[in-house]
Amino acid sequence: MSYGHQHGGPRQPGYGGGPGHGRPQPPGRRPAYHETRALPMPPSGDPYAPPGRYDGPPPDGYGPQGDGFGPPPPRRRKRRRPGRTFGIILLVLLVLLAGTYFWVDSSLNRVEALTDYPGRPAAAAGTNWLIVGSDSREGLTPAEKKRLSTGDAGGQRTDTMLVAHLPDNDTPATLMSLPRDLNVEIPDNGVSKINAAFSIGGPKLLVQTVEQATGLRIDHYAEINFGGFANVVDAIGGVEIDIPKRIKDDQTGVVIKKGRQTLDGAQALAFVRTRKSEATPRSDLDRVANQRKFIGALAAEVSSPATFLNPFDLFPLLAEAPDALTVDEGDHLHHLAGLGFAMGGISDGGTVTTTVPVTDGSATQLDEAKSQQLFDALKNDTAVPKDAIYE
């Protein structure tokens, strides 16, 4: 029953039956909406905060923005992937090495040295290189000629001719010197000193002359000139070698002290050229022996991890190599790498070194019997007989 009916008064139209909805109230009674109570607020963290303000920690379920959706989920830390990082670094290095390889290979000087002709020796076991040192002064400034003690001779000659044999089996590699004054038949030019072939017809005629004199088919050709040789030695910081006796070249005046030491480019060039001194009483035979010794030390230095893993040696070497070397049109950088590693065995005795057997100290005539033993051993990838090794 409504309040109005209890007191016998008429029902007021438009009003509800509950108290406090605009109807008259009993004396002392407040309307119902005055009974509304606010929920108690959590205690304020600030004692001086104005009444009614709440600045304490947010209630459970509310984020710092008061959006009512709860705190944001914690950020997931990215997991490190060392394998992926290593793979990226490896890929970059491979791309860099590949680019460097193709740049150096394409920058090598090339010449047509190996050609077919009637009567050319057939291919046999192993691989044969002809290595030539040219005394060309082309491109050298007057100051460089003075520093390297090259003189002013024109044209091109060679005082260094070596055949390097790399076997297909486990037989040791062989490095064989050809003395410059050796008398041989030069195709279409009669009998003359072997180095005359280079002066007359360049690399092509020299290769043909060597093939006819030895019966060995030459598969690769490499030539280095004065300036290039010295620059390569300087690029790797010099080459350490033991000099058993003080050298004073009577022709150039260059002096190299006795003992183990590191030769720079100019000293190295003098060492492999000297034949007129008290330290080289056999003249050209001592010179070619020194050339083989230095080639072994140089190859060991170039192929060592200390050079390949040191960018201050490796990149100057790669920068100098293209200008220093001339190879056959079919030769590439990986062929040179194989040659270098094989010649690195000279220093530790893993490579056989010899001069082609000659009859006497003048080194002008082949010892036919012993030289044929040597040539046959190289042709068949068999061990070189001890009596065919000529120091």
Side-chain angles (χ1 to χ4, degrees), residues 108-115 127-140 148 150 153-166 173-182 184 186-187 189 192-214 216-233 268-269 271-273 275 284 287-296 298-299 302 320-332 335-336 338-340 342-343 346 353-356 363 378:
L108 291 171
N109 299 306
R110 286 185 164 81
V111 65
E112 186 184 19
L114 308 178
T115 57
T127 300
N128 297 312
W129 280 83
L130 179 60
I131 305 169
V132 175
S134 168
D135 66 359
S136 173
R137 281 81 168 169
E138 184 178 356
L140 294 179
L148 300 177
T150 64
Q156 62 174 7
R157 287 164 297 278
T158 175
D159 291 337
T160 306
M161 290 160 287
L162 305 106
V163 173
H165 178 77
L166 281 56
T174 301
L175 185 63
M176 176 182 70
S177 298
L178 301 170
R180 52 168 272 176
D181 293 334
L182 190 65
V184 296
I186 299 177
N189 287 275
S192 186
K193 295 179 179 180
I194 192 170
N195 70 340
F198 190 71
S199 300
I200 296 170
K204 187 185 297 186
L205 184 58
L206 179 61
V207 168
Q208 188 174 347
T209 300
V210 171
E211 287 183 331
Q212 292 298 302
T214 64
L216 300 172
R217 187 185 183 98
I218 301 300
D219 304 294
H220 302 282
Y221 176 85
E223 175 189 325
I224 189 167
N225 56 35
F226 277 170
F229 177 84
N231 289 340
V232 165
V233 173
L269 183 61
F271 177 67
V272 299
R273 293 185 64 208
R275 66 188 180 104
D284 203 36
R287 173 166 62 179
V288 295
N290 286 341
Q291 290 171 352
R292 296 193 300 269
K293 180 178 180 178
F294 188 84
I295 286 173
L298 175 61
V302 169
E320 292 294 342
D323 290 333
L325 291 170
T326 298
V327 296
D328 180 65
E329 292 176 340
D331 291 328
H332 295 282
H335 296 130
L336 289 168
L339 173 65
M343 294 302 100
I346 295 175
T353 63
T354 181
T355 302
V356 63
L378 300 183

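Only heavy atoms go into these numbers, but all of them, side chains included; no hydrogens, no water, no symmetry mates. As the structure is a prediction and not an experimental result, all values here were calculated from the model. Residue indices begin at 1 and follow the sequence shown.
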Derivation and outcome, side-chain contact (heavy atoms from CB on, under 4.5 Å), residues Asn231 and Asp323: CA-CA 9 Å; Asn231 289 340; Asp323 290 333; over 6 Å; no
From CA spacing to verdict: side-chain contact (heavy atoms from CB on, under 4.5 Å), Leu339, Ile131: CA-CA 10 Å; Leu339 173 65; Ile131 305 169; 4.1 Å; yes
Arg287/Asp159 under side-chain contact (heavy atoms from CB on, under 4.5 Å): CA gap, chis, key distance, verdict: CA-CA 9 Å; Arg287 173 166 62 179; Asp159 291 337; 3.7 Å; yes
Verdict with reasoning, Phe294 to Leu269, per side-chain contact (heavy atoms from CB on, under 4.5 Å): CA-CA 10 Å; Phe294 188 84; Leu269 183 61; over 6 Å; no
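You'll find the side chain of Leu336 reaches within 4.5 Å of the side chain of Leu108, heavy atoms only. Side chains of Ile224 and Leu325 form a contact here, defined as non-hydrogen atoms less than 4.5 Å apart. Contact of the Leu130 side chain with the Val163 side chain is registered, since non-hydrogen atoms from C-beta on lie closer than 4.5 Å. Residues Phe229 and Thr160 fail the side-chain proximity criterion, which asks for heavy atoms closer than 4.5 Å.
Put simply, the side chain of Asn290 never gets that close to the backbone of Val272: no donor and acceptor are under 3.5 Å apart. Using a distance-only test at 3.5 Å, with no hydrogens or angles considered, no donor-acceptor pair links the side chain of Glu211 to the main chain of Arg217. Under a 3.5 Å cut-off, the side chain of Asn109 and the backbone N or O of Pro322 do form a donor-acceptor pair.
For the residue pair Val132 and Tyr221, the shortest heavy atom distance occurs at CG2-CE1, 3.7 Å. Across every non-hydrogen atom of Leu166 and Gly338, the tightest pair is CD2-O, 4.0 Å. Taking all atoms of both residues into account, the shortest heavy-atom contact from Gly340 to Ala299 is O-CB, 3.5 Å.
In terms of the salt bridge (charged side-chain N to carboxylate O under 4.0 Å, His left out) criterion, residue partners of Asp181 (sequence neighbours excluded) are, by chain and number, Lys193. Among residues two or more places apart in sequence or in another chain, the side-chain hydrogen bond (donor to acceptor under 3.5 Å, both in side chains) test is passed with Thr214 by none. Applying the side-chain hydrogen bond (donor to acceptor under 3.5 Å, both in side chains) criterion to Thr355, with sequence neighbours excluded, gives Arg292. Residues passing the salt bridge (charged side-chain N to carboxylate O under 4.0 Å, His left out) test with Lys293, sequence neighbours excluded: none. Applying the side-chain hydrogen bond (donor to acceptor under 3.5 Å, both in side chains) criterion to Gln212, with sequence neighbours excluded, gives Tyr117.
To the nearest 0.5 Å, atoms OG1 (Thr326) and CD (Glu223) are separated by 5.0 Å. Summarising the geometry, atom CG belonging to Asp219 is positioned 9.5 Å from atom CG belonging to Asp331; distances are rounded to the nearest 0.5 Å. A distance of 5.5 Å separates CD1 in Ile295 from CG in Leu175, rounded to the nearest 0.5 Å. The CG atom of Leu114 sits 3.5 Å away from atom CG of Asp328, with the distance rounded to the nearest 0.5 Å. Distance check: Met343 CE to Thr353 OG1 gives 10.0 Å after rounding to the nearest 0.5 Å. Rounded to the nearest 0.5 angstrom, His220 NE2 and His332 NE2 are separated by 10.0 Å.
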Please output the side-chain donor-acceptor pairs of residues 194-209 that fall under 3.5 Å, not counting sequence neighbours, one pair per line with the distance.
{"from": "Asn195", "atom 1": "ND2", "to": "Thr158", "atom 2": "O", "distance (Å)": "3.4"}
{"from": "Ser199", "atom 1": "OG", "to": "Gln156", "atom 2": "O", "distance (Å)": "3.1"}
{"from": "Thr209", "atom 1": "OG1", "to": "Leu205", "atom 2": "O", "distance (Å)": "2.8"}

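Ion pairing between a basic and an acidic side chain is recognised when a charged N comes within 4.0 Å of a carboxylate O; Arg275 and Asp284 show no such pairing.
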